[in-house]
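Here the structure comes first, spelled out in structure tokens, and everything after it is commentary.
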Amino acid sequence: MRHCRFVVLVVILFLVVATGFAQQTDAAPSSAAAQSANFDVKAAVEAYLASVPANARARSDAYFEGGYWLILWDFLCTAAIVLSLLATRLSAKMRDLSERVTRFKPLQTFIYWIEFLIITQVVSFPLAVYEAFFRERKYGLMNQTFGAWFGDQMKGLLISLILGGLLVAVLFGLVRRLPRTWWIWGAVVSIAFQAFTAVIGPVYLAPLFNKYTKLEDERVKQPILAMARANGIPATDVWEVDASRQSSRVSANVSGFAGTLRISLNDNLLKRCTLPEIETTMGHEMGHYVLNHIYKGLVMNGVVIVVGFAFLSWGINFALSRWGESWGVRDSVDIAVLPLAVIVLSIYFFVTTPINNTITRTMEFEADMYGLNAARQPDGEANVDLLLGEYRKMDPGPIEEFVFFDHPSGRTRITAAMRWKAEHPETASPEELARPMFTTP
Ligand SMILES: [Zn+2]
């Protein structure tokens, strides 16, 4: 066990070093202020950070740091469940049941999937309830009653049942037909599946959980559409989503591909933010669209998935040659191998957490830069960053941010905004320009 932990540690260290080059240089160069008007970037950032009351800061830190541990608990919980499915031969019995029901292989796979999903979801339910309901409520982020939350979970389970069942049936079809090269084609199918859900998600899946209405308020709609036109985004409507149904978090997105393109902002953003804050948020979302982050994300995640499937193929062969017989799993074509596949992929994604976070965090930072240039509201941006700090630690250490943050931290984002402002004194208010911080030396 100690040896195993050591290997994981070495792998994590390697990943940290290897991908360190890709990390953003988020901190402001110390000479930034001196290069332009005499605006003290550091002082402005500290002033914003200091505006968060100490108890609010402590609460958000505790919430976010608890999330680090949840990554570990989720992983251990999944590992324990799927290993016991194998060790007790329950997985083999589930396969036997599916084979008694039908001789048609894809249907056998689908029946096994239903058994697997229901058992794993029921067993992991206590952790899921704590994590996604009671913990959210404890930190004041949950707006739903237990019943409404549970209803959403059931809808999610139904979607996993259908879409996950389709994916697993196709993947095992590949394993049966291409026993040597299935992992390459499996990775390709998984990437295509990701693209497929990205296309249908905003139009067919998201409305199952929330109501989308066209935004009528011209004072908000017109500036957003003007910014969209100026940035070459073919949108004629802005959508409002009732995210307050679930939580009080502020967010927005531009989702879908050409045919399903949608600019939507959540009602929390509309209720809690000023127009400059809404504009900078929409500028960020437009950045995701214009910079083709959906496609780039598919390519970068694609690399992670291909390597993951190679690891999966190796891991399955390794484990089956040792314990396959005692688990009652015949070979890698046997659907009863699924729990093993889940544990191998869980290990892989657990270890690659910093890589996956860095892929998204890097794109989020690019979108921030885009949003600052498109909306030209650095103070609006800093204010929104403070709101996001309600559920994301504002001021982490650099390694902490690299490993655990899928978005830049509040400090990184506010620093970027103030650095931008220092180079654009024309966006400062007349009062600010009159203050000493903007006078040229
Ligand atoms: Zn974003």
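We count ligands from 1, going down the list as the structure has it; atoms in each ligand are counted the same way.
- Atom OE1 is the N, O or S atom of Glu364 at the shortest distance from the Zn ion (ligand 1).
- The Zn ion (ligand 1) has His288 among its coordinating residues (N/O/S atom, backbone or side chain, under 2.8 Å).
- For residues 116-125, no residue pair satisfies the side chain to side chain donor-acceptor pair (under 3.5 Å) rule, not counting sequence neighbours.
- The Zn ion (ligand 1) lies under 2.8 Å from an N, O or S atom belonging to His284.
- Residues satisfying the salt bridge (charged side-chain N to carboxylate O under 4.0 Å, His left out) test with Arg272, not counting sequence neighbours, are Glu390.
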**Message:** Test side chain to side chain donor-acceptor pair (under 3.5 Å) on His288 and Glu366; report intermediate values, then the result.
**Reply:** CA-CA 8 Å; His288 281 311; Glu366 287 174 5; over 6 Å; no
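- There is a side-chain donor-acceptor pair under 3.5 Å between Glu218 and Gln222.
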